[in-house]
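Here's the structure we're looking at; comments come further down.
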2 protein chains.
Amino acid sequence: MAKITDVARRAGVSPSTVSYALSGKRPISDATRRRVEEAARDLGYHPHAAARAGAGARASVLALAAPLRSGVHVPVVMRLAVSVVTTARAHAHDVLLLTQEEAEEGLNRAVRTASVDGLLLTDVELHDPRLPTLRSLDRPTVLIGVPANAYGLTCVDLDFRAAGEACVNHLAELGHRTVALVGSPPEVYLRRTAYAHHLMHGFTTAAARHGLASSVHPGGPDPATAPRLAERLLHEHPALTAVVVHNEPLLAPLIAAFEHLGLRVPADLSVTAVCPDDLAATPRLPVTSVSLPADELGARAVDLLIRKLHGTAVPETTLLPPRLTERASTSRRMPA
Amino acid sequence: MAKITDVARRAGVSPSTVSYALSGKRPISDATRRRVEEAARDLGYHPHAAARAGAGARASVLALAAPLRSGVHVPVVMRLAVSVVTTARAHAHDVLLLTQEEAEEGLNRAVRTASVDGLLLTDVELHDPRLPTLRSLDRPTVLIGVPANAYGLTCVDLDFRAAGEACVNHLAELGHRTVALVGSPPEVYLRRTAYAHHLMHGFTTAAARHGLASSVHPGGPDPATAPRLAERLLHEHPALTAVVVHNEPLLAPLIAAFEHLGLRVPADLSVTAVCPDDLAATPRLPVTSVSLPADELGARAVDLLIRKLHGTAVPETTLLPPRLTERASTSRRMPA
DNA sequence: GTGAAAGCGCTAACAT
DNA sequence: ATGTTAGCGCTTTCAC
């Protein structure tokens with residue numbers, strides 16, 4: 001493994017010149033720079049990040065803390081992760097993946113021991129226990145999710161409150177008077193996971209504003225529970241004509257279950273979802289949905305974090321406006 | 001951030017004593033160790049990995065190179081990733097996630113620049129272009145997947161060849177005479193991805209050995225293509241009574257498509273899958289399957305890598321024997 | 001425009 | 001059993 005002194009010797013300059021020539025942190029004559037670059041290339045030289053970090057520079061590593069708790073839809077997290085890694089690479093950073101439950105201590109360790117420059121947190125809770133640790137860590141951080149008190153934090157997320165409202169607005173415009181939300185699994189609400197909470201909040205307040213009868217039903221993550229849930233919904237709310245589904249694994253099975261019970265979608269029942277676009281745009285029954293732009297969220301989060309690393313001021317909370325796409329699963333309420 | 005000298009001062013000892021007391025690399029009196037540990041705890045001291053690495057020690061970081069190319073089933077990779085991170089943490093290591101396509105150069109960079117101690121590769125191809133780079137990198141590596149020439153490498157995977165054979169054996173015993181394999185998407189075969197190749201190989205040879213008529217059909221990753229594929233299979237192979245599915249996203253839709261075409265599973269058509277257990281053990285129609293133990297693969301791979309880091313000799317290739325579980329989707333062939 | 005030298009925080013000989 | 005010292009490879013004052 002070539003080191004900086006090897007490059008220096010080969011280029012006939014001092015190590016510091018190599019460092020400067022490669023980093024561009026001070027003016028170097030064109031001739032020298034050229035020789036240094038060539039020598040570096042010949043030797044396949046890559047500066048050793050650890051040593052660099054020792055000398056006070058950054059290690060160019062971001063940590064992604066993605067707890068993967070029960071009830072979260074893994075594919076969405078994965079897409080976020082991929083988008084984070086890709087965007088980080090575009091900024092010449094690598095990504096350390098933290099999934100552990102040992103949340104607080106894990107963050108500490110990552111920052112010290114693995115010399116992480118900045119942190120990205122997912123699965124943010126309204127009162128996230130990691131926040132105090134985070135504040136003490138004095139490393140730039142971006143939360144993917146908006147806690148109850150975002151003061152002094154940088155957060156980015158889909159505007160889930162507005163997303164919930166958008167779904168209800170759409171249904172209200174179509175004349176529906178009784179709506180239900182099929183949300184995330186109960187444990188997600190119990191943890192007060194931010195996104196689930198915000199969506200529910202938006203759903204409920206919009207329903208109230210429109211004077212709609214509304215109810216909220218956490219849905220199990222298991223598709224097999226869909227038929228029971230469908231039955232229960234219809235039984236408990238006979239006037240129900242529209243459902244908002246914020247639960248990826250349940251979306252398709254739930255629609256199937258309703259149809260199995262003899263309801264036609266959208267003729268008898270309108271369905272709106274909040275989920276990644278490709279999940280909604282299925283050929284059998286394209287579902288009207290608010291897009292959950294996991295890729296964009298990841299990219300935005302990294303962009304913000306990189307800017308913070310550079311010392312640039314960034315907005316406190318970035319909320320992506322919901323984008324509702326009308327597809328075949330919603331229609332005007334048929335007068336009964 | 002407390003450093004080793006802070007701890008030393010507080011404990012009234014020299015820095016090296018702190019280092020030794022914490023690492024246990026040389027005998028320290030109980031009294032001293034206790035004082036050091038207490039001082040470290042009080043100060044919230046974590047050794048700085050970058051500096052450590054500078055001094056010749058390891059950084060305790062593993063890299064997981066998971067390309068996520070087109071055609072791979074993301075949830076399986078994700079489970080592997082989670083299992084890798086969890087197991088790595090159990091060995092006090094962190095995991096750097098590499099997804100980039102810039103494969104060879106990416107590995108180089110990770111090792112140098114991010115001071116990675118060891119590498120884990122997924123999505124291994126029969127003639128994987130990363131192998132030469134890997135050999136030159138001189139970092140312990142474990143492949144999750146078995147290339148054509150595994151000489152000098154450490155590999156771990158499900159024994160996909162045996163898995164293919166197990167499926168065919170099972171079907172042959174049930175009296176089936178014409179079988180088809182619905183495999184991974186075409187691009188996976190074009191890349192000569194190891195697992196897909198090995199499974200197909202096992203399927204084909206076992207079919208030949210039993211004297212069965214067999215055919216292989218790459219399946220698109222898109223569930224929407226299932227109906228077309230089902231039709232084609234039945235049309236091209238009128239005598240077909242059994243199918244092996246090695247394609248997670250297609251499994252359920254394909255069965256649905258067959259049933260839609262009027263076939264009863266398993267009365268008219270037996271279906272075997274190679275997939276994670278929870279995907280097969282669906283309540284509607286539990287599918288006979290060979291388990292794809294993503295968790296165990298990840299854990300094994302990390303264990304092997306850690307042992308290599310410790311300088312322990314490890315077996316060259318570890319193949320997990322296939323475990324076939326009979327469920328409701330296969331039955332004895334009905335004489336026509 | 002370039003070099004020499006100090007030092008980042010840690011570990012591992014080399015002492016005692 | 002503990003302390004002293006010399007680096008690891010790099011960046012960054014200083015100095016010219």
Side-chain angles (χ1 to χ4, degrees), chain A residues 1-37 39-40 43-61 92 108-117 309, chain B residues 1-37 39-40 43-61 92 108-109 111-117 138 309:
Chain A
M1 299 256 108
K3 40 181 143 201
I4 200 169
T5 52
D6 298 333
V7 179
R9 194 171 327 113
R10 191 175 230 267
V13 297
S14 78
S16 64
T17 302
V18 173
S19 176
Y20 285 122
L22 262 28
S23 71
K25 290 199 180 170
R26 84 179 182 190
I28 296 282
S29 77
D30 253 35
T32 308
R33 156 174 297 115
R34 218 179 300 289
R35 266 184 305 136
V36 169
E37 282 170 353
L43 268 40
Y45 171 74
H46 291 261
H48 191 85
R52 192 170 227 170
R58 321 254 71 165
S60 294
V61 174
N108 258 315
R109 214 209 49 256
V111 167
R112 279 292 295 179
T113 220
S115 38
V116 157
D117 302 326
L309 285 171
Chain B
M1 298 253 108
K3 41 181 143 202
I4 199 168
T5 52
D6 299 333
V7 180
R9 192 170 332 110
R10 191 175 230 267
V13 297
S14 79
S16 65
T17 301
V18 173
S19 175
Y20 286 122
L22 262 29
S23 72
K25 289 199 181 171
R26 82 180 183 189
I28 297 281
S29 76
D30 254 35
T32 309
R33 155 172 300 113
R34 217 178 301 289
R35 265 185 305 135
V36 169
E37 281 170 354
L43 268 42
Y45 170 74
H46 291 262
H48 191 87
R52 191 172 228 168
R58 320 256 73 169
S60 295
V61 174
N108 259 316
R109 212 210 51 256
V111 167
R112 278 293 295 179
T113 222
S115 40
V116 157
D117 302 327
D138 124 67
L309 285 171

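When reading the values below, keep in mind they use all heavy atoms of this one structure, side chains included, and skip hydrogens, waters and symmetry mates. Order of the sequence lines fixes the chain letters, A, B, ..., with proteins taken first and strands second; residue numbering starts at 1 for each chain.
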### Query
Is B:Ser14 near enough to D:dT2 that one of its side-chain N or O atoms lies under 4.0 angstrom from OP1 or OP2?
no
#### Entry: Phosphate-side-chain proximity, A:Lys25 and D:dT12, N/O vs OP1/OP2 below 4.0 Å
yes
#### Entry: side-chain N/O A:Ser16 vs C:dA5 OP1/OP2, d < 4.0 Å
no
### Task
Verify the contact: side-chain N or O of B:Ser23 to OP1 or OP2 of C:dT11, cut-off strictly under 4.0 Å; return yes or no.
no
### Whole angstrom value for the distance that separates C1' of D:dG3 from CD1 of B:Ile28
11 Å
### Query
Are any of B:Ser19's side-chain N or O atoms less than 4.0 Å away from OP1 or OP2 of C:dA12?
no
### Message
Between B:Asp6 and B:Arg9, does any NZ, NE, NH1 or NH2 come within less than 4.0 Å of an OD or OE carboxylate oxygen?
### Response
yes
### Summary
Judged by nearest nucleotide, the residue sitting upstream toward the 5' end of DNA chain D, B:Asp30 or B:Ala51, is B:Asp30
### Query
Taking the side chain of A:Val13 as its heavy atoms from C-beta onward, which of D:dT2, C:dG3, C:dG9 lies nearest to it?
C:dG3
### Task
Please state how far atom OH in B:Tyr45 lies from atom C1' in C:dC10, giving the value in whole angstrom units.
7 Å
### Message
Tell me the closest heavy-atom pair linking B:Val36 and B:Ala21, and the distance in Å.
### Response
CG1-CB, 3.9 Å
### Query
Tell me: CD1 of B:Ile4 to C1' of C:dC8, nearest whole Å?
14 Å
### Task
May I ask you to verify whether the side chain of B:Arg26 and the base of D:dG3 hold a donor-acceptor pair under 3.5 Å?
yes
## Note on the structure
Looking only at heavy atoms, the pair that brings B:Thr5 and B:Pro15 closest together is CG2-CG, 4.2 Å
#### Entry: Out of D:dA1, D:dT2, C:dG1, whichever nucleotide has its closest atom nearest the side chain of B:Thr32
D:dT2
### Query
Given atom CZ of B:Arg52 and atom C1' of C:dA12, what is their separation to the nearest angstrom?
13 Å
### Task
Round to the nearest Å and state the distance from A:Arg35 atom CZ to C:dT2 atom C1'.
11 Å
## Note on the structure
Between NE2 of A:His46 and P of D:dC10 the distance, given in whole Å, is 12 Å
### Task
Please state how far atom CG in B:Asp6 lies from atom P in C:dC8, giving the value in whole angstrom units.
12 Å
### Message
Given the structure, check if the side chain of B:Tyr20 and the base of C:dA12 hold any donor-acceptor pair shorter than 3.5 Å.
### Response
yes
### Min side-chain heavy-atom separation B:Arg33-B:Asp30 under 4.5 Å
yes
### Message
Taking 4.0 Å as the cut-off, does a side-chain nitrogen or oxygen of B:Thr17 come that near to OP1 or OP2 on D:dT2?
### Response
no
### Closest non-hydrogen atom pair between B:Arg35 and B:Ala11, with its separation
NH1-O, 2.6 Å
### Query
Whole Å only: how far is the CG atom of B:Leu22 from the C1' atom of C:dC10?
12 Å
